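Report on one structure; see the data block that follows.
Keep in mind the model is a prediction, meaning the values are calculated, not measured.
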Amino acid sequence: MNQLLLPLLLMLVVAIPLVMGTRKQKKAAAKQQELLSSLAPGDRVMTTSGLYASVADASADTTIDLEIAPGVVTTWLRQAVREKVEPVVETDEDSLGTDEVVEEPVIESKDEERVEEKSGAQIAPPLEHGKK
């Protein structure tokens with residue numbers, strides 16, 4: 001009986017993670033397939049290459065038309081769609097008028113003074129031309 005116990009335990013130690021990993025992969029594949037089949041025109045998506053686009057036409061089985069810019073429609077494989085994303089909502093803070101100017105703060109640094117202090121070198125005043 002003891003001779004069968006050790007091989008049985010080893011098989012369980014190897015088999016359990018394999019079964020759990022397979023179940024996780026099947027769930028992820030089913031979720032991705034559900035996403036791809038639920039795509040409809042107007043949905044905002046992100047592709048596997050990181051491109052954000054809107055679905056223009058999803059009537060084909062293996063391909064999907066994505067609008068990447070106004071009036072620019074490209075055809076992709078359905079499997080290239082990674083996920084649906086929420087549409088971008090422009091808020092008042094995000095939308096600045098073209099007349100408004102945003103000024104960047106001026107940061108004064110003391111780097112030149114620090115370099116002089118570290119090196120110990122003194123900068124000579126500029127030479128005056130024409131005087132002896």
Can you measure from [atom1] ([X]) to [atom2] ([Y]) and round to the nearest 0.5 angstrom?
X: D65; Y: W76; atom1: CG; atom2: CH2; value: 12.0 Å
X: Q79; Y: L36; atom1: CD; atom2: CG; value: 6.5 Å
X: T63; Y: L77; atom1: OG1; atom2: CG; value: 7.5 Å
X: K31; Y: E83; atom1: NZ; atom2: CD; value: 9.5 Å

Please tell me if the side chains of V73 and L66 come closer than 4.5 Å, counting only heavy atoms from C-beta onward.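 When only atoms from C-beta onward are counted, L66 and V73 do not touch, as no gap falls below 4.5 Å.
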Tell me, do L39 and K84 make a side-chain contact under 4.5 Å, heavy atoms counted?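 Yes, at least one pair of side-chain atoms sits under 4.5 Å.
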Looking at every non-hydrogen atom in both residues, tell me the closest pair between [X] and [Y] and how far apart they are.
X: R82; Y: Q32; value: O-OE1, 3.5 Å
X: A56; Y: P41; value: O-CB, 3.8 Å
X: D43; Y: A40; value: OD2-N, 2.9 Å

Short side-chain to backbone donor-acceptor contact, R78 and A58, under 3.5 Å: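 It does hold such a pair.
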Report yes or no: do V45 and V72 belong to one cluster of Ile/Leu/Val/Met/Phe/Trp/Tyr joined by side chain heavy-atom distances under 4.5 Å?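 Yes.
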